[in-house]
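Contents: one structure, followed by commentary.
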Amino acid sequence: MTHVTERNGAASGPADGPGGGDRQPWTGGAGRGTRKRSASYADAGVSIEAGDRAVELLKSKVRQTRRPEVLGDLGGFAGLFRLDTKKYRNPILASSTDGVGTKLVIAQQLDIHDTVGIDLVAMVVDDLVACGAEPLFLLDYIATGEVVPDKVAEIGAGIADGCRYAGCALLGGETAEHPGVLRPDEYDISATGVGVVEESDILSRERVEVGDVVIAMKSSGLHSNGYSLVRHVLLGVARMRLDTVIEDFGRQRTLGEELLTPTRIYAKDCLKLIAEAEVRALAHVTGGGIPGNLVRILPENVDAIVNRATWKPQPVFDLIQAKGRIEDAEMESTFNMGVGMFAIVSAEDADRALACLTGSGVEAWQAGEIIEGSGNVQMVGQHTRG
């Protein structure tokens, strides 16, 4: 994060937001003391000092993500990154932007803010690596009703951790204070990442062939999709508490802990896989579930067969489905159902690919194959239950 600004602090009156329509009309400087005769930015609800303090708290974490190509330090108007053009014949830049969605509501309710940054990085860098690109750097954006330095530092620390796991630099970003638009305890986050790939090495649907193997990589849980449905079912319909211990989760694990499990970051593992095996394409499983994302890497002359019997989804998926009486098709179009990333590899390199992923600590298995078809995903078999 480079600096702090206020974007929409002039709003007044009731406003809708993540917390619903019960927000009270905004009064400039609420919670910051009485109004002075000479007006200041702080009177309007924006504290430059708090923002500066948040940046200071983050600097050591951000420096841990530094790559040799990074120029300068935090605090400039732009982040600088020297692209190593000697490493590529025809370098292609890839970019991706995303957020975390309403998983943030769970973090805010539990007052735990050091994991959602990992989710944010995962959503961006694993989209980048899906085309074969190495994530180079990331820029973040945090919007909050009131800048509380320690809280912003926790969020930023999670983002920095995610960047370290992905091998990319946290090059800079923005923290914006939005009094009157967001409540003091509310925030939203997003990020944009940039990566690079050799033009001839770009992964795409055109590479996928009949006879290729579909390899699944286990997710860490829900990742960062479907949380509006999760909250509706578990916290609304079922009236469950976030501090409830769920026996099926193991280790005296609470519902809240399960729901805040950080998204698995596959970027480094996939780059290693690409270097060691004939990878045709990668599919990052996010919104739309397995069918909705795997179909994006299929040419029109093939189908992907995915056998559910090859894996068992984590217990959290069974809990959501049972409590909400959700149809199988709705579950599969909303959640990852235990698979965070798919790789399509040549049949000859299937064993090599599985060995590579296992060596990287990624639980992976052969989940299906590519057959002649018309560009569809065929889900067959049934998951193991119990």
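All values below were derived from every heavy atom in this structure, side-chain atoms included, with hydrogens, water molecules and symmetry-related copies excluded.
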Hey, does the side chain of Arg82 reach the backbone of Pro68 with a donor-acceptor pair shorter than 3.5 angstrom?
no
Side-chain touch Trp311/Val306, heavy atoms, less than 4.5 angstrom
yes
Atom pair CG (Leu298) and CD1 (Ile370), whose distance is rounded to the nearest 0.5 Å
5.5 Å
Within the 4.5 Å heavy-atom criterion, are Glu69 and Phe137 side-chain neighbours or not?
no
Can you check whether Val208 reaches Arg280 side chain to side chain, under 4.5 Å on heavy atoms?
yes
Passing option when Glu258 is tested against Lys103, Arg253, Arg251 for salt bridge (Lys or Arg N to Asp or Glu O under 4.0 Å)
Arg253
Flag, side chain of Asp349 to backbone of Glu278, donor-acceptor distance under 3.5 Å
yes
Using a strict threshold of under 4.0 Å (side-chain N to carboxylate O), is an ion pair present between Glu134 and Lys87?
yes
Any side-chain heavy atom of Val116 within less than 4.5 Å of one from Tyr187?
yes
Are the side chain of Asp212 and the backbone of Glu209 linked by a donor-acceptor contact shorter than 3.5 Å?
yes
Tell me whether Ile297 shares a hydrophobic cluster with Val279, the cluster being built from Ile, Leu, Val, Met, Phe, Trp, Tyr side chains joined at under 4.5 Å.
no
Does the side chain of Asp328 come under 3.5 Å of the side chain of Gln321 through a donor N or O and an acceptor N or O?
yes
Does the side-chain contact (heavy atoms from CB on, under 4.5 Å) test come out yes or no for Ile118 and Tyr165, once each step is laid out?
CA-CA 9 Å; Ile118 300 173; Tyr165 302 153; 4.0 Å; yes
Test of understanding: clusters of I, L, V, M, F, W, Y form through side-chain heavy atoms closer than 4.5 Å, transitively. Do Met123 and Leu229 belong to the same one?
no
List the steps and the verdict of side-chain contact (heavy atoms from CB on, under 4.5 Å) for Asn90 and Glu198.
CA-CA 6 Å; Asn90 295 296; Glu198 184 69 57; 3.7 Å; yes
Thr263 and Asp119: side chain donor to acceptor below 3.5 Å
yes
Does any donor atom in the side chain of Glu206 or Ser204 lie under 3.5 Å from an acceptor atom in the other side chain?
yes
Is the count of non-hydrogen atoms from other residues, nucleotides or ligands lying under 6.0 Å from Arg241 atom CZ greater than 12?
no
Leu282 vs Ile274, side-chain contact (heavy atoms from CB on, under 4.5 Å): CA-CA, chis, key distance, verdict:
CA-CA 10 Å; Leu282 293 168; Ile274 292 167; 4.1 Å; yes
Count the heavy atoms of every other residue, nucleotide or ligand shown that sit under 6.0 Å from CG of Asp351, and state whether that count exceeds 12.
no
Hey, quick one: are Val285 and Met217 part of the same hydrophobic cluster, counting side-chain heavy atoms closer than 4.5 Å, chains of contacts allowed?
no
I'd like to know if the side chain of Asn336 and the backbone of Gly221 have a donor-acceptor N/O pair within less than 3.5 Å.
yes
Residues which pass side-chain contact (heavy atoms from CB on, under 4.5 Å) with Lys268, listed by chain and number, not counting sequence neighbours:
none
Can you check whether Ile155's main-chain N or O pairs, donor with acceptor, with His113's side chain at less than 3.5 Å?
no
May I ask you to decide if Thr254's main-chain N or O and Glu257's side chain share a donor-acceptor pair within less than 3.5 Å?
yes
Just checking, is any N or O donor in the side chain of Ser228 or Thr102 under 3.5 Å from an acceptor N or O on the other one?
yes
Just so I know, are the side chains of Asp303 and Ser374 near enough to count as touching, which here means a heavy-atom distance under 4.5 Å?
yes
Euclidean distance, Leu255 CG relative to Leu235 CG, rounded to 0.5 Å:
6.5 Å
Hey, are the side chains of Leu259 and Gln109 touching, using non-hydrogen atoms and a 4.5 Å cut-off?
no
Any link between Ile92 and Val124 through a network of hydrophobic side chains (Ile, Leu, Val, Met, Phe, Trp, Tyr) touching at under 4.5 Å?
no
Basic-acidic side-chain contact under 4.0 Å: Lys272, Asp269:
no
Checking the side chain of Glu276 only, and the main-chain atoms of Ala355 only, is there a donor and an acceptor separated by less than 3.5 Å?
no
Quick check: are there more than 12 heavy atoms from other residues, nucleotides or ligands sitting under 6.0 Å from CZ of Arg67?
yes
Test your reading of the model: is there a side-chain donor-acceptor pair from Thr192 to the backbone of Thr97, 3.5 Å cut-off?
no
Side-chain heavy-atom pair Asp185, Val148 within 4.5 angstrom cut-off:
no
Nearest 0.5 Å, what's the CZ-OG1 distance between Arg183 and Thr144?
11.0 Å
Using the rule given for side-chain contact (heavy atoms from CB on, under 4.5 Å), can you reason through Phe81 versus Val194, listing the C-alpha separation, both sets of side-chain angles and the distance that settles it, and then say yes or no?
CA-CA 10 Å; Phe81 191 96; Val194 173; over 6 Å; no
Test of understanding: clusters of I, L, V, M, F, W, Y form through side-chain heavy atoms closer than 4.5 Å, transitively. Do Ile344 and Val213 belong to the same one?
no
Quick one: does Val105's side chain get under 4.5 Å of Tyr227's, heavy atoms only?
no
Test your reading of the model: is there a side-chain donor-acceptor pair from Thr65 to the backbone of Leu170, 3.5 Å cut-off?
yes
Is the backbone N or O of Gly287 less than 3.5 Å from a side-chain atom of Asn293, with the two atoms forming a donor-acceptor pair by type?
yes
